[in-house]
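What follows is a single structure, written as structure tokens, with notes after it.
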4 protein chains.
Amino acid sequence: MSPQKHSENIPLVSREYHPNDTVIDFGNGLKIGGNQSLTLIAGPCAIETEELIMDIAAHVKQRGAQFLRGGAFKARTAPHTFQGHGEEALKWLKRAGEKTGLKVVSEVLDTQHVDMMEEYVDVYQVGARNMQHFELLKKLGKKKKPVLLKRGMSATLEEFLLAAEYIAQGGNDQIILCERGIRTFNTYSRNTLDLNIVPWMKKLSHLPIIVDPSHGTGAAEMVKPMSMAAVACGADGLLIEVHPQPAEAWSDGDQSITYEMLEEVVAGVRGIAKTVRR
Amino acid sequence: MSPQKHSENIPLVSREYHPNDTVIDFGNGLKIGGNQSLTLIAGPCAIETEELIMDIAAHVKQRGAQFLRGGAFKARTAPHTFQGHGEEALKWLKRAGEKTGLKVVSEVLDTQHVDMMEEYVDVYQVGARNMQHFELLKKLGKKKKPVLLKRGMSATLEEFLLAAEYIAQGGNDQIILCERGIRTFNTYSRNTLDLNIVPWMKKLSHLPIIVDPSHGTGAAEMVKPMSMAAVACGADGLLIEVHPQPAEAWSDGDQSITYEMLEEVVAGVRGIAKTVRR
Amino acid sequence: MSPQKHSENIPLVSREYHPNDTVIDFGNGLKIGGNQSLTLIAGPCAIETEELIMDIAAHVKQRGAQFLRGGAFKARTAPHTFQGHGEEALKWLKRAGEKTGLKVVSEVLDTQHVDMMEEYVDVYQVGARNMQHFELLKKLGKKKKPVLLKRGMSATLEEFLLAAEYIAQGGNDQIILCERGIRTFNTYSRNTLDLNIVPWMKKLSHLPIIVDPSHGTGAAEMVKPMSMAAVACGADGLLIEVHPQPAEAWSDGDQSITYEMLEEVVAGVRGIAKTVRR
Amino acid sequence: MSPQKHSENIPLVSREYHPNDTVIDFGNGLKIGGNQSLTLIAGPCAIETEELIMDIAAHVKQRGAQFLRGGAFKARTAPHTFQGHGEEALKWLKRAGEKTGLKVVSEVLDTQHVDMMEEYVDVYQVGARNMQHFELLKKLGKKKKPVLLKRGMSATLEEFLLAAEYIAQGGNDQIILCERGIRTFNTYSRNTLDLNIVPWMKKLSHLPIIVDPSHGTGAAEMVKPMSMAAVACGADGLLIEVHPQPAEAWSDGDQSITYEMLEEVVAGVRGIAKTVRR
């Protein structure tokens, strides 16, 4: 008997299996999904120093973020670039979260880091390059913490959903999908933000979906209009790279926005969110 | 002396050349561009019968459209499919425009049709497949009527602007850009609607830009959310395929919306437009 | 009765319709298609001066080309670049062909040029940007001269075949397909040469197919290896840009090869051709 | 001082650093790279049973393969499909290699499997989905065994080289690059085999590069012509999926070839190889 003949059940992540929106509850009224208030995850690409993550945490909290993101392990294209401060940075991140009351999100690059990271983060992030790192997805499926799953650079809608299915099959249904731009022939933008996948995912799946306009555009000045567009077509939230001095950032400086710009983005998307939900 | 050495002047379509938004004036207060009221161009893919275009004209007018679109000459992938009723259909379209007060838009496929079409249409449409039909662009550059230029399926931002430049160099600066989706690896949607080009074009050019969510998504139920997203990121208007019975349409039935759906789209985008412009 | 319901006959360009290879006969033993000797079409991107096209004709003839190509009307991305010398250049091209005994190929950009060009060229070329210029294809379908049809930059296999079908439906079955690279995310090469379409076209269609490694790679030094690969997977011939001083060429200098390089390419592909056909 | 300012040295994998071709020596005269005899790696997608891998080993050996490939851990898009027999299958693979004298190649999916697999395989394979699994690349950089690195589905040339650089920086310079097709808008083929990267890699790097026409085309009948094209443009070898009954294969049946087809492929490419190297 060939394993291929094994009947495919209805995917756990599909609306067919679970008609109602998944709502992930972080306590104290903080929720993601299901037409709750707009989720805002903000922070630097990489956690550079403890002082800086503390400063950023305070500023993004003040402007409405509920989650702080920051990379401790960085997936960098070239081996001689900054690879992150590792576990040390996770300690700083956790402290910044505790001090401000923000929940914290950080990327997990490898199966060997999953257990260690559990005590530091509130949400595991799986990066675009690891969307089909199936061993990692399986391991995260055994955890009790939410997973923010970014779409791969050239992942089809079906592959994206099936990557989420790997996590769900392990028993963890706290999954947040994230559209972050795909690779196309375009060179004017770092990636091509594929917003149409937002209403499609809402139709096909019960999982919340957020949008990362920073990677999706690669340009700080495009973060505001594309954040507004993302919310207009139904996104549950935004993941935005913020840095007080983008030109000095150790990575992704071109697409990071300042505190002032974040304030404008938040004002813009709140207007849209009100319109969309009424 | 090589012609390549000829100095490249500042493009006529760039903001550098002309800092203020181009506003195209159709009389009676009807304008496109420059933060005027949202432009809505609606109608069937192909003009099927005189009765039908009359019916559609009345219904889209009632729901807020200022322009009626309909194809008399169709650029169809396969030679044995319906190719349009030609000049006869343009007469029907013109009558429908006169009766309702809508301005009319129709695609010009060939240089040999340009003069003939002049007496029927208010706006020439250049389709995606002809974006780099340079002889056509040059000829339209000599006309006094506005040109709606659709982005080619795999046109870069620069190629799109330079196609508009061909028209402008001829002396016609009444150009409306139109994003209608690009070809990528995605198969879940007919095209990938590249909304990020909207704020980029606003930055680089003074020309108005509208969005075609019908071709951009290929799916009727995605027209509303993506129309809202388009307006949220700054589009000057929308080009939407409408048919009273999409399942019976002779072409593009999957992506055409009904009169009822158009009403919902209009309600949705008006809310967004108010938010964006205040 | 809807025109869409019209039954789709077997396409004229399919193997199903016509099992044997189409062979286009140019007289004096010169043929394209059907496992004849390898076709070599060479010449400059643009016809710059009469002296130059004469010089190139003599040199490519000497190195084994049977066809001379040269552009009289150029489809250039930007309006301020060299657009070709027009009909004057076609006269030079024709004289160069007569003097050397080479058959001549030149691109037709517009329906209004089709009749005029008939007296100058032996083969009409339809460029990638015009692959879906259906009025042009229809008009060429009424002519008795062969048409070299280049694949559009983002044309699917099916769209490419259906473009050829437009010509065939007009009554002209002398069609040569040409793969010239597609647009992908790659930036290291100007286009991505999609050689797999060669054996696929051989399977699905009876038409000859040649490959343009100049546009397909965008780099002179890649013309030789990719020409060899093209012949190895079954191409009927090659279309190669040649210029005595590529750095001085008015267009496409980066991808044009010198006479010396052409000699090496020819030596390379002849070895492959012998292996493939024995 | 920012880590970004750290001067980028000449990459270890570049020709600038190491002008001569890397040749990987497997003993008994078996080598990869440097114009040695053509490398042929053949075997099933997944190792299904011990009997089958033994049978395949004997047959591919007889037809000229020097390496046997087979997957023990499978990276499958969907979680409910066959995921491989794991370490047990590696034992079968090793025995098949010992019995036939073939060197064996198998994919490593996760950092936690690297040490365990070391005693079974002669070459670690890194799959397309893991090309930017940097922790895995770093760990393989510490090993003494060759690594076959497949290009990611949407990896640029630069990203591909920098992934190899991660391995080289660890101290392991026994790296074999593998082109296996990229993701484009094409749907007629599973992937678009980008053969132009072969001569480009030869120009930029000293590492050997092989081609996988099975994944590159997705169709058994296209394996022969595209194998010939790959060798014609300079590939050092081929990685081919072989199965005695492709229709019964547990994965990748459409693109697997039979023993008889392998014989034809080998005959075809040997002719090309002789031509290319003389």
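Residue numbers begin at 1 in each chain, while the letters A, B, ... track the order of the sequences.
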*asked:* Take a 6.0 Å sphere around CG of D:Asp21 and say whether it holds more than 12 heavy atoms from other residues, nucleotides or ligands.
replied: yes
_Can you tell me if C:Glu16 has over 12 outside heavy atoms packed within less than 6.0 Å of its CD?_
no
With chain D as the partner, which of [options] has the greatest number of non-hydrogen pairs under 4.5 Å?
{"options": "C:Ala155, C:Ala230, C:Ala219, C:Gly234", "answer": "C:Ala155"}
{"options": "C:Asp194, C:Leu157, C:Asn196", "answer": "C:Asn196"}
{"options": "C:Val231, C:Ile197, C:Thr184, C:Thr156", "answer": "C:Ile197"}

*Give, for atom CG of C:Leu195 and atom OG of D:Ser189, the distance between the pair rounded to the nearest 0.5 Å.*
11.5 Å
*Out of curiosity, D:Phe185 CZ to C:Phe185 CZ, how far, rounded to the nearest 0.5 Å?*
12.5 Å
_Closest approach of D:Thr275 to C:Ile272 (non-hydrogen atoms, all atoms of both residues)_ = CG2-N, 3.8 Å
*asked:* Shorter than 4.5 Å, heavy atoms on both sides: which option in D:Lys224, D:Glu221, D:Lys202 has the most such pairs with chain C?
replied: D:Glu221
*Mind checking whether C:Cys233 and D:Met228 have side chains closer than 4.5 Å, heavy atoms only?*
no
*asked:* Quick check: do C:Thr217 and D:Trp200 have side-chain heavy atoms less than 4.5 Å from each other?
replied: no
